[in-house]
Amino acid sequence: MVQDIIRIRYGDTTIPESWVFAGGDPEKAVPIFFSCFLVLTDRKKILVDAGCETMPGFVMENFRKPVEVLDELGYKPEEITDVLLTHAHHDHAQGVFRFPGAAIHIQREAYPEGRQFIPEGVPVHLYGATCSLDEDVTAVTIGGHHKGSSVVEVNWQGQKYVLCGDEAYSTYNLQAKVPTGSTVSPEKSQAFIDRYTGGDWICLLCHQE
């Protein structure tokens, strides 16, 4: 049973508006932040994305290691039972080495790129269309933002949440039903938006509240 969903926010920066949504202005800077999520169940502590400790090419503010934020919240790296990487980009996967005792889950198509971040000898579970992490916690492959990219569905207190990874950067993507400008498959990105908006889902974004 899910007990809580905790945001781990660890930095701020800006990116071009054209990355945030299709048709955006490439010269306009849009503020975003970096976060991952800790999903607590009665059996597990599941980290959805591991974050990063470096971000080359970006001017970062309020930047800390995700493990430091976890520590402030009272959670040690060795307590994390599972790490689910929604995709293989640096800012979501680089910090996975901090959790050597956790089971690592990554979508099969995302693994060839993501394996660079995973320490040798750490068990890795590769999944296809879905991955059940615990009761009421399921990863679902979308493949819009990046090859093999996924989201995580969480049923908690009678409400349905989806941890979006980078399938949506901002609330604008969801409200206007416009995919991000950072997608390998606009069709799959649009299908994600159509599936999780206008219904019962609450979307939790990594880069915006």
Side-chain angles (χ1 to χ4, degrees), residues 1-2 5 8 35-52 80-156 159-169 173-174 179-180 182-207:
M1 180 179 296
V2 175
I5 303 172
I8 310 300
S35 63
C36 45
F37 290 92
L38 180 62
V39 180
L40 304 177
T41 77
D42 52 4
R43 299 190 305 159
K44 294 185 175 183
K45 294 179 175 65
I46 303 165
L47 191 62
V48 178
D49 288 325
C52 62
I80 303 302
T81 60
D82 299 78
V83 177
L84 184 287
L85 301 177
T86 61
H87 60 290
H89 282 162
H90 178 96
D91 60 310
H92 290 255
Q94 189 240 348
V96 72
F97 73 97
R98 291 288 185 181
F99 309 98
I104 309 301
H105 309 268
I106 186 169
Q107 207 275 346
R108 188 174 293 113
E109 292 184 82
Y111 178 64
E113 185 172 344
R115 66 187 302 174
Q116 66 182 301
F117 302 111
I118 301 171
E120 289 289 334
V122 174
V124 180
H125 171 234
L126 305 182
Y127 62 92
T130 64
C131 173
S132 177
L133 296 161
D134 203 354
E135 182 182 2
D136 295 324
V137 185
T138 304
V140 177
T141 300
I142 304 296
H145 174 66
H146 197 53
K147 191 172 184 179
S149 56
S150 300
V151 299
V152 179
E153 297 178 353
V154 181
N155 293 316
W156 178 39
Q159 179 64 61
K160 297 193 298 184
Y161 295 84
V162 57
L163 312 184
C164 296
D166 277 358
E167 297 299 338
Y169 278 148
N173 298 123
L174 306 173
T180 72
S182 305
T183 177
V184 298
S185 174
E187 297 80 12
K188 291 180 180 178
S189 292
Q190 189 65 58
F192 158 79
I193 290 172
D194 293 342
R195 175 175 177 177
Y196 290 104
T197 60
D200 299 330
W201 292 95
I202 294 176
C203 296
L204 300 180
L205 305 175
C206 286
H207 297 298

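Starting from 1, each residue takes its place in the sequence as its number.
Considering only heavy atoms from C-beta on, Val48 comes within 4.5 Å of Thr86 through its side chain. Proximity of His146 to His89: side-chain heavy atoms (C-beta onward) are separated by under 4.5 Å at one or more points. Inter-residue side-chain proximity for Tyr127 and Ser150 is flagged as met; some heavy-atom pair is nearer than 4.5 Å.
Of all non-hydrogen atoms in Arg108 and Leu126, the two that sit nearest each other are NH2-O, 3.9 Å. Cys36 approaches Gly51 most closely through the heavy-atom pair SG-N, 4.4 Å. Taking both residues in full, the closest heavy atoms of Ile80 and Lys45 are given as CG2-O, 3.6 Å, listed atom of the first, atom of the second, then distance. Minimum interatomic distance between Leu174 and Ala168 (heavy atoms only, all atoms of both residues): CD2-CB, 3.9 Å. When all heavy atoms of Pro179 and Ser189 are compared, the pair lying nearest together is CB-CB, 3.7 Å. Heavy-atom minimum distance, Gly148 versus Gln107: O-CB, 3.2 Å.
No side-chain donor-acceptor contact under 3.5 Å links Asn155 to the backbone of Asp136. In this structure, Glu167 contributes its side chain and Thr183 its backbone to no donor-acceptor pair below 3.5 Å. Of the possible polar contacts, none joining the Asp49 side chain to the Gly165 backbone as a donor-acceptor pair under 3.5 Å is found. Counting only distance, with no hydrogens or angles, the side chain of Ser132 and the backbone of Thr138 share no donor-acceptor pair below 3.5 Å. At least one donor-acceptor pair under 3.5 Å links the side chain of Ser35 to the backbone N or O of Cys206. Put simply, the side chain of His145 gets close to the backbone of Ser182: a donor and an acceptor are under 3.5 Å apart.
Partners of Asp134 by salt bridge (charged side-chain N to carboxylate O under 4.0 Å, His left out), not counting sequence neighbours, listed by chain and number: Arg43. The salt bridge (charged side-chain N to carboxylate O under 4.0 Å, His left out) check on Lys188 picks up nothing, with sequence neighbours excluded. Evaluation of the salt bridge (charged side-chain N to carboxylate O under 4.0 Å, His left out) rule for Glu153 yields Arg195 as partners, not counting sequence neighbours.
Taking the six-membered ring where the residue is Trp, His92 and His87 present tilted rings, their angle falling between 30° and 60°.
With respect to Trp201, the ring pair (Phe, Tyr, Trp, His ring centres under 6.0 Å) criterion is satisfied by exactly one of Phe192, Tyr196, Tyr161: Tyr196. For the side chain to side chain contact (heavy atoms under 4.5 Å, CB included) test with Val96, the passing option among Val124, Val122, Ile104, Leu47 is Ile104; the others fail.
Under a cut-off of 6.0 angstrom, the local environment of CG in Asp200 is sparse, with at most 12 non-hydrogen atoms contributed by other residues, nucleotides or ligands.
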